[in-house]
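Written out below as structure tokens is the structure these notes cover.
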Amino acid sequence: MKHIYLLGSTGSIGMQTLDVISKHKDEFRLIGCSLGSDDEKNKYILNTFKPEIVSLRYEKQLKNYEGLFPNVRFTWGDQGLIDVVTYEKEGVVVNALSGSAGLNPTIEAIKTKKDIALANKETLVMAGDIVNAYVKKHQVKLYPIDSEHSALWQTLDHESQSDISKIVITASGGSFRDLSRKDLENVDLNQALKHPNWSMGAKITIDSATMMNKGLEVIEAHHLFYLAYDQIETVLHKESVVHGLTYFKDGTIKASMSVSDMRIPIAYALFYPKRAVFDQSLTLSNLSFKPMDYERFPLLKLAYEVGKQGGIMPTVMNAANEAAVHLFLKKKISFLEIEDIVFKYVEIQEQIKNPTLKQIIEIDQKIQQEIYQAYEKR
Ligand code: MG
């Protein structure tokens, strides 16, 4: 029986993780989790999975939940996330939080020697070197839960680093893939939230439309697989059937394919080195691949540059993007202003070559606050 700690239970990845757990009750037990502000979802999770320790989002929820579920140990807020992942029982932490809030809990979980199944890409984007050092020091495993990285992991497993010539991450192109730059001037939030292939949370759906998501994934892949940026390619593949490819020096190419169902990469990380049983089959038809268009998707180009610069710059890009996307979701800024804000903050930030974790978290918060203050009152 594997113990699971799940951060971000009520989000899209969180709920799909719970679905995998509920279908494999003999294999997994939910020991701890963090909940959100939707009481109905929260109670469903508490009643169905009976976790031992639970972090609520707000302190004001505490009294009510403690009264309703006297056998559960409740905690709350940012510290609550840490309380959950540092709970005394061993287990795997599934980090399905959205945004930079996911970084600290990942580090604290590693310190208590828990393996990490990581859906929070910000953790590696902001502090990949630091996280990898902790992973080594505490000898834990770090498994990706991102469809592309799960696919790449499967093509790279049991292969030698020196045999790899490059990896390729596929991109569906997101909700606006058939629009020109000019067309983007008039798009609205509802259109942006309609992803052609995947059903995902709001933040990542917008990141897919701007191609920032692919940029974050490139940086994530650099840290997960220890590859140089010129060994990481991206390609437009609108069917979202092939999620990742590895090119080997002997001319072999390995591709990993599946239907667009996040439960597959979630289960792969949870069951590894075994595999789950799903009745998912894929009928192969024509697949298309087009070279990435960096003029059309400037944030992806920026992500490569920022990734190569390293230091504090990926944190800056991520922070500016996170704040800008939330402003767009609140209809405070236009779609193209997301790019403007990200480019502006990357340009004005001074590099810090080897930032500490503290500096990374401070800069992230400072930039996000500045952007909210500048645009929120509009
Ligand atoms: Mg992905």
Side-chain angles (χ1 to χ4, degrees), residues 8 11-17 20 94-100 102 106 116-126 128 142-156 167-177 192-225 227 229 232-246 255-270 280 282 287 289 292 297 299-300 303-304 307 314 317-318 321-322 325:
S12 171
I13 296 287
M15 291 303 280
Q16 293 181 81
T17 302
V20 171
V94 178
N95 186 340
L97 292 168
S98 166
S100 60
T106 306
I116 310 289
L118 191 64
N120 176 266
K121 45 193 80 151
E122 291 81 357
T123 291
L124 288 176
V125 168
M126 294 167 72
L142 181 63
Y143 301 132
I145 298 185
D146 197 337
S147 55
E148 296 80 0
H149 304 76
S150 179
L152 290 165
W153 174 22
Q154 297 183 49
T155 62
L156 290 163
I167 59 172
V168 177
I169 300 175
T170 59
S172 70
S175 21
F176 298 142
R177 63 190 182 192
L193 286 173
K194 289 196 182 96
H195 195 284
N197 303 356
W198 295 93
S199 147
M200 304 182 290
K203 160 76 167 49
I204 188 173
T205 303
I206 304 304
D207 283 345
S208 296
T210 62
M211 206 54 93
M212 183 79 274
N213 182 51
K214 216 45 55 180
L216 300 177
E217 289 181 353
V218 166
I219 300 175
E220 191 186 5
H222 164 77
H223 291 296
L224 273 173
F225 305 122
L227 292 168
Y229 283 98
I232 306 172
E233 259 180 33
T234 49
V235 65
L236 286 162
H237 167 54
K238 67 174 197 268
E239 293 84 6
S240 291
V241 167
V242 177
H243 306 297
L245 306 104
T246 297
S256 175
M257 297 182 252
S258 73
V259 291
S260 308
D261 183 339
M262 279 311 293
R263 290 174 305 171
I264 297 173
I266 291 167
Y268 190 74
L270 294 185
Q280 289 278 31
L282 172 68
L287 299 176
F289 299 92
M292 182 52 69
F297 299 109
L299 283 182
L300 176 56
Y304 273 100
M317 179 185 72
N318 181 68
N321 179 64
E322 195 168 317
V325 170

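All values below come from the heavy atoms of this structure, side chains included, with hydrogens, waters and symmetry mates left out. Order of appearance sets the numbers: ligands from 1, and atoms from 1 within every ligand.
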Counting only protein N/O/S atoms, those under 2.8 Å from the Mg ion (ligand 1) total 3

To the nearest 0.5 Å, what is the distance between CG (Asn120) and CD (Glu220)? 9.0 Å

Run the ring pair (Phe, Tyr, Trp, His ring centres under 6.0 Å) test against [X] and tell me which residues pass, sequence neighbours left out.
| X | answer |
| --- | --- |
| His149 | none |
| Tyr143 | Trp153, Tyr272 |
| His237 | Phe289 |

Describe, in one word, how the ring planes of His222 and Tyr229 are oriented to each other, choosing from parallel (under 30°), tilted (30 to 60°) and perpendicular (over 60°). parallel

Residue pair Ser240 / Ser260, side-chain donor-acceptor N/O under 3.5 Å: no

